[in-house]
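Single-structure report; data block below.
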Amino acid sequence: DELITLNEVAGEYKDRGIVFIALNRKETLPAAERYLATLPPLDNLVVVIDNDDHFYQSTGGYAMPETILYKPSGEVLAHERTPLTREQMIASVESLLAIE
């Protein structure tokens with residue numbers, strides 16, 4: 001459900017220069033594609049396949065789902081280690097836009 005909501009929120013901000021990335025970790029591309037085929041199209045997200053778990057581990061990740069917001073400089077603005085509601089996603093994006 002969170003991926004679908006994230007895709008919807010990303011669609012609302014698609015003209016604001018924000019990139020929304022969904023990370024699929026520790027699965028092969030065919031396995032990820034099978035899973036993604038069960039969902040509505042996620043046209044507003046960039047889906048990254050992290051089959052060796054490199055990126056996820058580099059973020060200090062330990063619980064899925066996690067949401068990380070990066071400033072344009074690459075610095076982490078927020079790292080949430082819990083599912084987010086639509087309202088929380090929007091509040092996080094708005095906080096990112098407020099610092100630009």
Side-chain angles (χ1 to χ4, degrees):
D1 290 340
E2 190 177 43
L3 271 177
I4 294 167
T5 302
L6 183 62
N7 185 63
E8 291 169 358
V9 171
E12 293 175 26
Y13 289 91
K14 66 182 175 185
D15 297 328
R16 302 293 297 271
I18 300 173
V19 178
F20 289 77
I21 299 171
L23 183 70
N24 185 290
R25 58 183 292 252
K26 294 176 97 174
E27 291 185 322
T28 64
L29 179 58
E33 287 174 335
R34 281 192 302 276
Y35 171 70
L36 292 171
T38 69
L39 301 174
L42 302 174
D43 298 334
N44 299 310
L45 301 177
V46 174
V47 178
V48 174
I49 308 300
D50 185 21
N51 62 345
D52 63 0
D53 218 24
H54 177 74
F55 179 78
Y56 184 73
Q57 294 300 321
S58 75
T59 67
Y62 69 86
M64 292 294 285
E66 295 190 30
T67 302
I68 304 172
L69 296 175
Y70 292 94
K71 295 179 183 180
S73 66
E75 179 184 351
V76 173
L77 174 66
H79 190 159
E80 302 292 336
R81 291 184 163 105
T82 184
L84 299 180
T85 64
R86 175 183 183 76
E87 292 76 22
Q88 290 169 316
M89 287 179 195
I90 290 171
S92 293
V93 172
E94 289 296 328
S95 71
L96 178 63
L97 290 172
I99 64 161
E100 289 185 359

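Keep in mind that the numbers below use all heavy atoms, side chains included, and drop hydrogens, waters and symmetry copies.
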Can you check whether [Y]'s main-chain N or O pairs, donor with acceptor, with [X]'s side chain at less than 3.5 Å?
X	Y	answer
D50	F55	yes
N51	T28	no
N44	N7	yes

Rounded distance (nearest 0.5 Å) linking atom [atom1] of [X] with atom [atom2] of [Y]:
X	Y	atom1	atom2	result
E94	R16	CD	CZ	6.5 Å
T5	Q88	OG1	CD	11.0 Å
N24	L3	CG	CG	9.0 Å
R81	I68	CZ	CD1	7.5 Å
L45	L23	CG	CG	12.0 Å
I49	K26	CD1	NZ	15.0 Å

Decide yes or no for [X] and [Y]: does some side-chain heavy atom of the first lie under 4.5 Å from some side-chain heavy atom of the second?
X	Y	result
E66	Y56	yes
Y70	L77	no
T67	S92	no
L6	F20	yes
I90	Y13	yes

Side chain to side chain contact (heavy atoms under 4.5 Å, CB included) evaluation trace for V93 with M89: CA-CA 6 Å; V93 172; M89 287 179 195; 5.5 Å; no

Honestly curious: do [X] and [Y] fall in one hydrophobic cluster under the side-chain, below-4.5 Å linking rule?
X	Y	value
V19	L96	no
V47	I21	no
V9	V48	no
L97	L84	yes

Sequence-distant partners of T38, side-chain contact (heavy atoms from CB on, under 4.5 Å), two or more places apart: Y35

Within 6.0 Å of CG in D52, more than 12 heavy atoms from elsewhere: yes

Non-neighbouring partners of E2 that pass salt bridge (charged side-chain N to carboxylate O under 4.0 Å, His left out), sequence neighbours left out: none

Salt bridge R25-D53, side-chain N to carboxylate O under 4.0 Å: yes

